[in-house]
There are 4 protein chains.
Amino acid sequence: MSPEVGAREAGARRTREALLTAAAEVFVERGVQAPIRDIAARAGVGVGTVYRHFPDRAELVIAVYRHQIDACVALADELEDASEPGRALEEWIGAFVEFLVTKHGLGVALQSDDAGFQSLHSLMLDKLVPACGVLVDAAVAADELDPSVTAYALMRAVGNLCILGPGYERDDAKAMVVRLLAGCRLTDGRSEPAT
Amino acid sequence: MSPEVGAREAGARRTREALLTAAAEVFVERGVQAPIRDIAARAGVGVGTVYRHFPDRAELVIAVYRHQIDACVALADELEDASEPGRALEEWIGAFVEFLVTKHGLGVALQSDDAGFQSLHSLMLDKLVPACGVLVDAAVAADELDPSVTAYALMRAVGNLCILGPGYERDDAKAMVVRLLAGCRLTDGRSEPAT
Amino acid sequence: MSPEVGAREAGARRTREALLTAAAEVFVERGVQAPIRDIAARAGVGVGTVYRHFPDRAELVIAVYRHQIDACVALADELEDASEPGRALEEWIGAFVEFLVTKHGLGVALQSDDAGFQSLHSLMLDKLVPACGVLVDAAVAADELDPSVTAYALMRAVGNLCILGPGYERDDAKAMVVRLLAGCRLTDGRSEPAT
Amino acid sequence: MSPEVGAREAGARRTREALLTAAAEVFVERGVQAPIRDIAARAGVGVGTVYRHFPDRAELVIAVYRHQIDACVALADELEDASEPGRALEEWIGAFVEFLVTKHGLGVALQSDDAGFQSLHSLMLDKLVPACGVLVDAAVAADELDPSVTAYALMRAVGNLCILGPGYERDDAKAMVVRLLAGCRLTDGRSEPAT
DNA sequence: GATGAATGAGCTTTCATTCAT
DNA sequence: GATGAATGAAAGCTCATTCAT
């Protein structure tokens, strides 16, 4: 029985992969709010199949981006004890940006307050923010980051900067993030005290 | 008959004002994507009247924010010949942020590539970007801004940073914009040359 | 302006009437759970129109049966001070049965615990049960009804007895209700004490 | 090969039993309209297995309640020659009520004219009604039941009275059935001749 | 025989948009 | 000019049912 079951499971996994691929494409083209039906159609399956594999939209979004999220968390672990915490944070943010910037619409999803994205927010809060937090704390401790910068706000800001559009492409976003980080290294948020 | 026509025109203008007021309120409460019907109801008019005055949603959004946009443009004119161009840019961006940050959902609208917001983009390109551009150019000329920063990208970045959410409120956004600007003053996008 | 408005309002009223007629027919044929689309189609309108007039299904059901419900309440008022309370209750229940028995599916709706019928239940609790309760109390006071009978339970029971089906038609239901009432006149629910 | 087949048959029988048990539980908790998938899950089998054993929902319902139905029929046989036919009928109806009242939703199913419950109706007509009919006839012959009462109508009425809901629980239903029966003992359906 | 993945019809609900008055 | 009733396309979600393994 095992081979037959294996065959069916393999089929299901293929369907799942097809769905992830289709969803990734559709997300890029039309954003993470794209109709479920469209994703189903792109994957060549019925809508029911989408719901079977991913009970709600956020599950699908998470699944689509899980690899990258996990990679980000792992990278933070590696960088945790870096000799230059400021650099480490920079590197990590760079990887995070690379991730966001290749996933059109994910930035939007991250800031969406649509109830359907609750689990996506949770994932960020539970995994990504703590991972980033360690690096932020280290950088602050080493006096390489403005202590008023929190990991959460930093990630929100970076996430927002990665919302692309015509005339504001990947490289623009990356450059802006670099500048934002540079600004965060200064002791105070402003270059000079306001009058 | 002229006075009657005048009366009608005056009535139409009043309707238009009522719509702008209502729309501004609704935009703040529910975002720029709020149902047209809600805006009509708030203004105490029928939906048809909204369409008569503003053929599509973007027209309404533009009209609602035209005053502020014009004010931003005027401010740029005033600041054009400031003795400290870097400061002037800072001040102008501060006003722009103040504008965005009080308009729930406007940041989202600015970055939306929804076709319905095309005219909003155009407005930005035609009015705001040139106004900002003057200040950017002056700051660059005074060596107070990284020459690789363009007005358009800067405004997009600032607009994005102003997309708020739970846990990322007005003050967070403002602080991040300040940091971004500080980062933009440095000669190079990065604090130190990469190895 | 008044005549034009009147014309539109008249049109809306006609639509409303058409909807009520269509709904009544569809309810008879397919029960009160019939798809909204079918009711819209029968009335020759779009689904949106149904929702405009009746925000949820229960509103429609109530509207369809409102006349009869009001008539039942009015009848209870008339019978309140009857000289023979037992008879008065009988007569009232007779009218209630006449109502239920001509509305296929209403009995089912009354007992449905579907959330969508909440307002229908409320209507019953707020209007019908109190109306019936007055007569029940009077009958009990006159020693013409088993004191353990409550208005609510009685109406539920009568409602249930009015759920018709093939081989169990109006007259069968009516006869059973008469027998139930007769049984309720006895001091104790059972003809003789159980051993 | 015969033993293997025997083993398979035994396995199939066990599956069937598991399904009946699971269905009985689910019917109690969620009614006879519960999703097939839920029943399959409860039984620990796939949905296909449910369909193999019970081609349509009514088959399953019938099978689940066959024991009790058979018990009701057997009870009628026992009571057939009772010395007090009125009492015997009362006792039998009591058992029937006990059966219905513990099966959430069965009352609804019995009166549903949904085509899918045709076989359930047939079962009732073929087994239960005749069984009840014997007792009804005996009671009529002994002058202990209104001759206008038919077994079928009585069972429908009792079935309907057993449709429970919030505020109309088992005991209410039982009391109402007792009252109905008491009303059925009177010579005429009405307590007194109408004027 | 058993499985459960896949399917898709069917229903609900929301809103942008039109147009007769 | 103003109105708001009517429309119907879009989406979401649920389940009964089929069928390849």
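All chains are named by letter (A, B, ...) in the order of the sequence lines, taking the proteins before the strands, and each is independently numbered beginning at 1. Atoms considered below: every heavy atom in the structure, side chains included; atoms not considered: hydrogens, waters and symmetry mates.
When atom types are taken as modelled, the side chain of D:Arg57 and the backbone of D:Ala34 share a donor-acceptor pair closer than 3.5 angstrom. Judged by distance alone, the side chain of C:Thr49 and the main-chain N or O of C:Val45 form no donor-acceptor pair under 3.5 Å.
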A:Glu25 vs A:Arg30, test: salt bridge (Lys or Arg N to Asp or Glu O under 4.0 Å). Steps then yes/no.
CA-CA 8 Å; A:Glu25 290 172 13; A:Arg30 323 225 346 230; over 6 Å; no
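Counting only heavy atoms from C-beta on, A:Arg37 has its side chain closest to E:dC11 among F:dA16, E:dC11, E:dA2. In this structure, the nucleotide among E:dA9, F:dA11, E:dA5 sitting nearest to the side chain of A:Pro35 is F:dA11. With distances taken from any side-chain atom of D:Thr49 to the nucleotides E:dT3, F:dA6, F:dT3, the minimum falls on E:dT3. Listed candidates were F:dC13, E:dT13, E:dA16. Nearest to the side chain of C:Tyr51 is E:dT13.
Atom pair C:Arg13:CZ and F:dA6:P shows a separation of 12 Å (rounding to whole Å applied). Atom CD of D:Glu17 and atom P of E:dA2 are 13 Å apart (whole Å). For D:Gln33 and F:dC15, the CD to C1' distance is 12 Å, given to the nearest whole Å. Protein atom CZ of A:Phe54 is 15 Å distant from nucleotide atom P of F:dC13, rounded to whole Å. Note: CD (A:Glu9) to P (E:dA6) measures 12 Å, nearest angstrom. For the pair C:Arg52 CZ and F:dG8 P, the computed distance is 15 Å after rounding to whole Å. D:Asp56 places its CG atom 12 Å from the C1' atom of F:dA16, with the value rounded to the nearest Å. In this entry the distance linking CD1 of B:Ile39 with P of E:dC15 reads 12 Å, nearest Å.
Of the two residues contacting DNA chain E, namely C:Ala34 and A:Ala12, the nearest-nucleotide position lying further toward the 5' end is that of A:Ala12. Where D:Val45 and A:His53 each meet DNA chain E at their nearest nucleotide, the meeting point lying more 5' is that of D:Val45. Along DNA chain F, the nucleotide nearest A:Val47 and the nucleotide nearest C:Gly11 are compared for position; the residue whose nucleotide lies closer to the 5' end is C:Gly11. Each of C:Gly44 and A:Ile36 has a nearest nucleotide on DNA chain F; the 5'-most of these lies closest to C:Gly44.
Among the heavy atoms of the strands lying under 4.0 Å from C:Arg57 are primed sugar atoms or P, OP1, OP2 only; no base atom is included.
The partner of F:dT18, taking Watson-Crick or G-U wobble pairs whose two distances both stay under 3.5 Å, is E:dA5.
For the pair A:Ile62 and A:Phe54, the minimum side-chain heavy-atom distance is 4.5 Å or more.
Between the base of E:dA5 and the side chain of A:Arg8 there is no donor-acceptor pair shorter than 3.5 Å.
Between C:Glu9 and C:Arg14 no salt bridge is recorded (no basic side-chain N to carboxylate O distance below 4.0 Å).
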